[in-house]
There are 2 protein chains.
Amino acid sequence: MRLTSKGRYAVTAMLDLAFHSQLKPVTLIDIAARQTISLSYLEQLFARLRRANLVKGVRGPGGGYSLCSNACDISIAEIVAAVGERIDATKCGGEANCQKHHACLTHDLWMDLGDHIKSYLQQITLADLLAKGRVQEVAERQNQEARQVIEIRNHADLMNDIK
Amino acid sequence: MRLTSKGRYAVTAMLDLAFHSQLKPVTLIDIAARQTISLSYLEQLFARLRRANLVKGVRGPGGGYSLCSNACDISIAEIVAAVGERIDATKCGGEANCQKHHACLTHDLWMDLGDHIKSYLQQITLADLLAKGRVQEVAERQNQEARQVIEIRNHADLMNDIK
DNA sequence: TACTTAACCTAGTAAAATAGTCAACTAATA
DNA sequence: TATTAGTTGACTATTTTACTAGGTTAAGTA
C-alpha cells in the first residue's frame, strides 16, 4: 500500500475545485498556482479523474474543470482510487496467493488493515472537508497569496463579462 | 505513507518468531525458508528490529533470535516503525509546513488518517495474531512444506541434544 | 478568418526507493 | 580448530514518482 503525492495532489485539487467551481469552471492553471502543484502533473491527474467520471472539462476560453457530482457525493476513497493509488495493503492484491499459491502468514492482517483504511476514506466526502473551519482558513490564505497571479487575469475576464 | 514488503516481511518474521521461539532461538535461515524471504534481506531487517529492542540475537551454534518481550506486549505498529516504514500520510511529517511554510489544504485529513491507521496497528499485538485460527493453519502448512529443508538439520541437532 | 485559450495527449527523464546481492568479519559453541 | 550464525557495509537492478517538454484539438473572441 502506498499513498503518495499523487493521491494527495488529487484530493487537494478536487477540494480546490469544490471550493471554487460553484459559478464557473476552474482552470488547472489557477489550481496549480493556488496549490503549488506542477501544471503538467495536474493535467495527468485530471485525465484520470475525468476517465473516472469525477470531473468534466470544458475547452476554450472561460473553460476549465468542474465536478460531475455534488461535493457530498464524492468520497476521498474514490479520488484516491481514480489516480491509481493502491490502498490495499497485501502483496497479492487480495488474491491470497502471496506465498507459493497460498496465503502468507500475515495475509489476513493486511486484508483487514486495507478494509479498515478503505472504509475510513469512503465515509469522508469533499463536502465534509469543505465544512471544516481549518480548510476554509487555508483556502482563504491561498486566495490572498495567489491573488497577484490569478486575480489580475480573472479581473480582466470579469471586466469583459460586464461589458 | 507507504507500507511495502519491508514492513510486511518484518511483521511476518516476527510472527514466525513468536510462533517458534518458545523453546530456543530461531535462526534466520529457518525463517527465510518458512516464509520465503531472502536471508540477506532478513538480516538487514533484524538489524533494525534488534536496535529497536524488539528481538535479541544469540550467536554461534544453537543461536538465533528470540523476542525481547512477550508476544502480547509487541504491537504491529512497533514492528512497522522499527524497520522505518512511514505510517504518517502527510507530506510534511506532521510539521504543517507542507505548502510554503504553512499547512496545505488537506493537511488535517492526512494527519487524521495517519492517526487512525497508527492507533489501529497499535492495538493489535503478535499474541492477537497467534490466537487466530487462520494463522495457526498457515503456520502448520509452512511447517509441513519446510520440513524437508529444516527438519533434517534440526533433527540432527535434536539427536545431539539428547546425547 | 485569425488568434487565443485551455483542455487533452504522448513520450521522456532525474531522483528516489525497493528489494535485494555479495563479501567480509565477529562471537559462541562443539 | 572448525563450524555456526549473527553482524556489518557496500553495491546494484528494477521500479516508481514527480516531474518536463512538446505537441494536438476544441471552443470561444477580435
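So you know, we letter chains A, B, ... as the sequences are listed, proteins then strands, and number each from 1.
At D:dA18, one or more side-chain N or O atoms of A:Thr4 fall inside 4.0 Å of OP1 or OP2 (strictly under the cut-off). A sub-4.0 Å separation between OP1 or OP2 of C:dG20 and a side-chain N or O of B:Tyr9 is present. Phosphate contact (OP1/OP2 of D:dT7, side-chain N/O of B:Tyr65, threshold under 4.0 Å): present. Proximity of B:Ser38 to the phosphate of C:dA19: no side-chain N or O atom is located under 4.0 Å from OP1 or OP2. Put simply, A:Arg50 has a side-chain N or O that comes within less than 4.0 Å of OP1 or OP2 on C:dC9.
At least one donor-acceptor pair closer than 3.5 Å links the side chain of A:Gln136 to the backbone N or O of A:Leu130.
Rounding to whole angstrom units, CZ of residue B:Arg48 and P of D:dT8 are separated by 13 Å. In this structure, A:Arg2 places its CZ atom 11 Å from C1' of C:dA16, rounding to the nearest Å. The distance between atom CZ of A:Arg8 and atom P of D:dT17, rounded to the nearest whole Å, is 12 Å. In this entry the distance linking NZ of B:Lys24 with P of C:dT29 reads 13 Å, nearest Å. When the P atom of C:dC9 is taken as reference, atom CG of A:Leu45 falls 14 Å away, rounded to whole Å. Taking atom CZ of residue B:Phe46 and atom P of nucleotide D:dT8, one finds them 14 Å apart after rounding to whole Å. Counting to the nearest Å, the C1' atom of D:dT4 and the CG atom of B:Asp30 are 12 Å from each other. Atom P of nucleotide C:dA6 and atom NZ of A:Lys56 are separated by 19 Å, given to the nearest angstrom.
Of all nucleotides listed (C:dT18, C:dT5, C:dC22), C:dC22 comes nearest to the side chain of B:Ser40. Among C:dT26, C:dA7, C:dT18, the nucleotide with an atom closest to any side-chain atom of A:Leu28 is C:dA7. Of all nucleotides listed (C:dT4, C:dA28, C:dG20), C:dG20 comes nearest to the side chain of B:Tyr41. Considering only the side chain of A:Ile29, C:dA6 comes nearest among C:dT4, C:dT29, C:dA6. Nearest to the side-chain atoms of B:Arg59 among the listed nucleotides C:dG20, C:dA27, D:dT17 stands C:dA27. Distance from the side chain of A:Lys6 is smallest to D:dA18 among D:dA18, D:dG6, D:dA27.
Taking all atoms of both residues into account, the shortest heavy-atom contact from B:Asp16 to A:Leu105 is N-CD2, 3.9 Å. Between A:His116 and A:Ser119, the closest heavy-atom pair is O-OG, 3.2 Å. Residues B:Ala103 and A:Arg134 share a closest heavy-atom pair of CB-NH2, 3.6 Å.
Ring geometry for B:Tyr41 against B:Tyr9 counts as perpendicular: the plane angle is over 60°, on a 0 to 90° scale with 30° as the lower cut.
Each of B:Gly64 and A:Glu43 lies near DNA chain D, and the nucleotide nearest B:Gly64 is the one positioned closer to the 5' end. The 5' end of DNA chain D is approached more closely, in terms of each residue's nearest nucleotide, by B:Leu39 than by the other of B:Leu39 and A:Gly7.
No hydrogens or angles were tested; on distance alone, nothing pairs the side chain of B:Glu85 with the base of C:dT18 as donor and acceptor under 3.5 Å. For a distance-only test at 3.5 Å, the side chain of A:Gln44 qualifies as a donor-acceptor partner of the base of D:dT20.
Residues A:Val135 and B:Asp108 have side chains not in contact (no heavy-atom distance under 4.5 Å, counting atoms from C-beta outward).
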